[in-house]
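A quick write-up on the structure given underneath.
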Amino acid sequence: GTIDAYFAGHTHQQMRQFVNGVPAVQGLAYSAEFSTLDLWVDRGRHRVDTSRTNIRPLTMICASVYSGTDRCESRDAPRGATLVPRTFLGRTIEPDPAVAALIAPYNERVAAKRNEKIGVQAAGTFARNYNAESQVGDLLTDAMRRALNTDIAFMNSGGIRAPLRAGDLVYGDIFEVSPFDNYPAVVTLTGAQIIDILRITTNGERGIMQVGGIRYTFDAAKDADKPPAERNRLVSVTMEDGSPLDPAKLYRVAMPDFLANGGDGLQPVMQTVPSDRITVTLDRPLHDVFADVLKTFPQPLVPKTDGRITVLNAPQAPQTS
């Protein structure tokens, strides 16, 4: 038979792995897409027959999809494509009337919030970039520094999930950029700890750290023959005015609580920080902070980078727009 599983959070490659002989599947993107499998069990051996069990690729389940695809996400719409009814396993997908009626009031409230104008205009699209300084990265770190009154700000590139579109912005635009329920944190770090963080996040194992208040340079080709944990690609770190970063001095650093809790590989550094130097504010998630603070910037917001991050020997890769 076919088994549908709805679990969020990992890649399709991870999802297709067999765990102790049992095929594991899970859904992604708020259960908007999921995998199916044909599961065969050897009754005599009481084990999954991996030679016959078939895990199918992820599929998106919507009442309507773009013609010629199984996708309903507007960002992925092919040019000129129109929405057509979605069929799955030979059946047309239709909303269940009882469930639709139950969630309709909540969908209306979500739509109202999503379309709420926030008093921010963008002169152009702010692009994101996983492996280099990005326009949206500069914008968000500046917003955190202003909101939390800190010397420096960190934003992990993986936490920026979309570019910021041009135009008269609504709350949903900010939410798409920063959809996680992360909260603003201020961590007091020594200059040496800041350098260690930048060493970790430039080893090629993950996206780099977007920054405000400092500038840094790293060599993307250095130590390529070493495992990531042993690489030291960091070349230099200075304050934004070019003055030296003092390894012994304490600096107030704004960041998502995900990083303050050791996420993105920062646990070796964060576990050395005394608890009284970490403050997490839980009254508003970061996307609400961004929506409020960006309206205090000169309008319209103009996409730009200002040379905060220099990448030597950068591989040729397209910028994520």
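This structure is a prediction, so every number in the text was calculated from the model and none was measured.
- Side chains of Gln135 and Thr305: no donor on one and acceptor on the other come within 3.5 Å.
- Salt-bridge check for Asp246 with Lys249: failed, with every basic side-chain N at 4.0 Å or more from each acidic carboxylate O.
- Placement of Phe258 and Met155 in two distinct hydrophobic clusters is found when ILVMFWY residues are connected by side-chain heavy-atom separations under 4.5 Å, directly or transitively.
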Could you go through the side chain to side chain contact (heavy atoms under 4.5 Å, CB included) check for Phe154 and Ile197 one step at a time? CA-CA 10 Å; Phe154 284 156; Ile197 286 173; 3.8 Å; yes

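- For the residue pair Tyr171 / Asp288, a side-chain donor-acceptor distance below 3.5 Å is found, with atom types taken as modelled.
- Side-chain contact between Phe218 and Ile208 is present, with heavy atoms from C-beta onward closer than 4.5 Å.
- In this structure, Val269 and Ile200 have side chains that are in contact, with non-hydrogen atoms separated by less than 4.5 Å.
- Taking a cutoff of 4.0 Å between a charged side-chain nitrogen and a carboxylate oxygen, Arg114 and Asp173 do not qualify as a salt bridge.
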For salt bridge (charged side-chain N to carboxylate O under 4.0 Å, His left out), just list the numbers for Asp142 and Arg308, CA-CA rounded to whole Å, side-chain angles, deciding distance to a tenth of an Å, and then say yes or no. CA-CA 12 Å; Asp142 285 349; Arg308 301 176 190 188; 2.8 Å; yes

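- Here the closest non-hydrogen pair linking Val289 and Pro184 is CG2-CG, 4.1 Å.
- For the pair Asn131 and Arg206, the tightest heavy-atom approach, listed with the atom from each and the gap, is OD1-O, 4.4 Å.
- When atom types are taken as modelled, the side chain of Ser178 and the backbone of Phe175 share no donor-acceptor pair closer than 3.5 angstrom.
- A salt bridge is defined here as a Lys NZ or Arg NE, NH1 or NH2 lying under 4.0 Å from an Asp or Glu carboxylate O, and Asp138 with Lys304 fails to meet this definition.
- Leu301 contributes atom CG, which lies 12.0 Å from atom NZ of Lys295 (distance to the nearest 0.5 angstrom).
- Listed for the Thr281 side chain is no donor-acceptor partner under 3.5 Å among the backbone atoms of Asp283.
- Closest approach of Ser134 to Ala127, counting heavy atoms only: CB-O, 3.6 Å.
- Looking at Tyr251 and Thr188, their side chains never come closer than 4.5 Å, going by heavy atoms from C-beta outward.
- In this structure, the side chain of Glu230 does not engage the main chain of Pro228 through any donor-acceptor pair within 3.5 Å.
- Residues Asp181 and His287 form a side-chain contact, since some pair of their non-hydrogen atoms from C-beta on lies under 4.5 Å apart.
- Taken together through direct or relayed side-chain contacts under 4.5 Å among Ile, Leu, Val, Met, Phe, Trp and Tyr, Ile174 and Leu148 form parts of separate hydrophobic clusters.
- When every heavy atom of Pro78 is checked against every heavy atom of Thr69, the shortest pair comes out as CG-CG2, 3.9 Å.
- Between the CE atom of Met144 and the CD1 atom of Ile152 there is a distance of 12.0 Å, given to the nearest 0.5 Å.
- Distance check: Lys117 NZ to Gln121 CD gives 8.5 Å after rounding to the nearest 0.5 Å.
- Between Leu312 and Thr217, the closest side-chain pair of non-hydrogen atoms falls below 4.5 Å.
- Residues Phe180 and Gly158 share a closest heavy-atom pair of CE1-O, 4.3 Å.
- Although no hydrogens or angles enter the test, the distance criterion places a donor-acceptor pair under 3.5 Å between the side chain of Thr141 and the main chain of Val211.
- In terms of modelled atom types and a separation under 3.5 Å, the side chain of Thr296 and the main chain of Val293 share a donor-acceptor contact.
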Test side chain to side chain contact (heavy atoms under 4.5 Å, CB included) on Val41 and Asp49 and set out the steps. CA-CA 5 Å; Val41 178; Asp49 184 345; over 6 Å; no

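- At a threshold of 4.5 Å between non-hydrogen side-chain atoms, the residues Leu83 and Val65 do not count as touching.
- Using a cutoff of 4.0 Å between basic side-chain nitrogens and carboxylate oxygens, Arg284 and Asp292 are scored as salt-bridged.
- Judged purely by atom type and a 3.5 angstrom limit, Arg231 uses its side chain to pair as donor or acceptor with the backbone of Asn203.
- Within the model, atoms CD1 of Ile93 and CG of Leu89 stand 8.5 Å from one another, a figure rounded to the nearest 0.5 Å.
- Without hydrogens or angle criteria, Arg145 side chain to Asp151 main chain gives a donor-acceptor distance under 3.5 Å.
- The CG atom of Asp38 sits 5.5 Å away from atom CG of Asn54, with the distance rounded to the nearest 0.5 Å.
- Clustering ILVMFWY residues whenever any of their side-chain heavy atoms sit less than 4.5 angstrom apart, transitively, puts Trp40 in a cluster other than the one holding Leu37.
- At a threshold of 4.5 Å between non-hydrogen side-chain atoms, the residues Leu245 and Tyr216 do not count as touching.
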Show your reasoning for whether side chain to side chain contact (heavy atoms under 4.5 Å, CB included) applies to Leu259 and Met209. CA-CA 10 Å; Leu259 296 178; Met209 193 70 75; 3.8 Å; yes

What's the verdict on side chain to side chain donor-acceptor pair (under 3.5 Å) for Ser157 and Gln210, showing C-alpha distance, side-chain angles and the deciding distance? CA-CA 6 Å; Ser157 292; Gln210 303 293 326; 3.0 Å; yes

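- Under 3.5 Å, the side chains of Asn313 and Asp219 contain a donor-acceptor pair of N or O atoms.
- Nearest heavy-atom pair, Glu240 versus Arg215, reported as atom, atom and distance to 0.1 Å: O-NE, 2.9 Å.
- Under a 4.0 Å N-O distance rule, the pair Asp196/Arg199 qualifies as a salt bridge.
- In summary, Glu133 and Arg128 do not engage in a salt bridge, as defined by a charged side-chain N under 4.0 Å from a carboxylate O.
- Put simply, Val84 and Tyr66 are part of two different groups of oily side chains (I, L, V, M, F, W, Y) that touch within less than 4.5 Å, one to the next.
- Under the 4.5 Å side-chain contact rule for hydrophobic residues, Tyr183 and Phe290 do not share a cluster.
- The closest side-chain heavy-atom distance from Ile118 to Leu294 is not below 4.5 Å.
- The residue from Leu139, Asn129, Val136 that alone fulfils the side chain to side chain contact (heavy atoms under 4.5 Å, CB included) condition with Ile160 is Val136.
- Going from atom CG of Leu198 over to atom CD1 of Ile309 covers 8.5 Å, rounded to the nearest 0.5 Å.
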Test side chain to side chain contact (heavy atoms under 4.5 Å, CB included) on Val253 and Thr150 and set out the steps. CA-CA 6 Å; Val253 184; Thr150 59; 6.0 Å; no

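- Distance alone, capped at 3.5 Å, is enough to place a donor-acceptor pair between the Arg86 side chain and the Met60 backbone.
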Pair Asp223-Arg233, salt bridge (charged side-chain N to carboxylate O under 4.0 Å, His left out): steps then yes or no: CA-CA 7 Å; Asp223 291 341; Arg233 294 177 166 177; over 6 Å; no

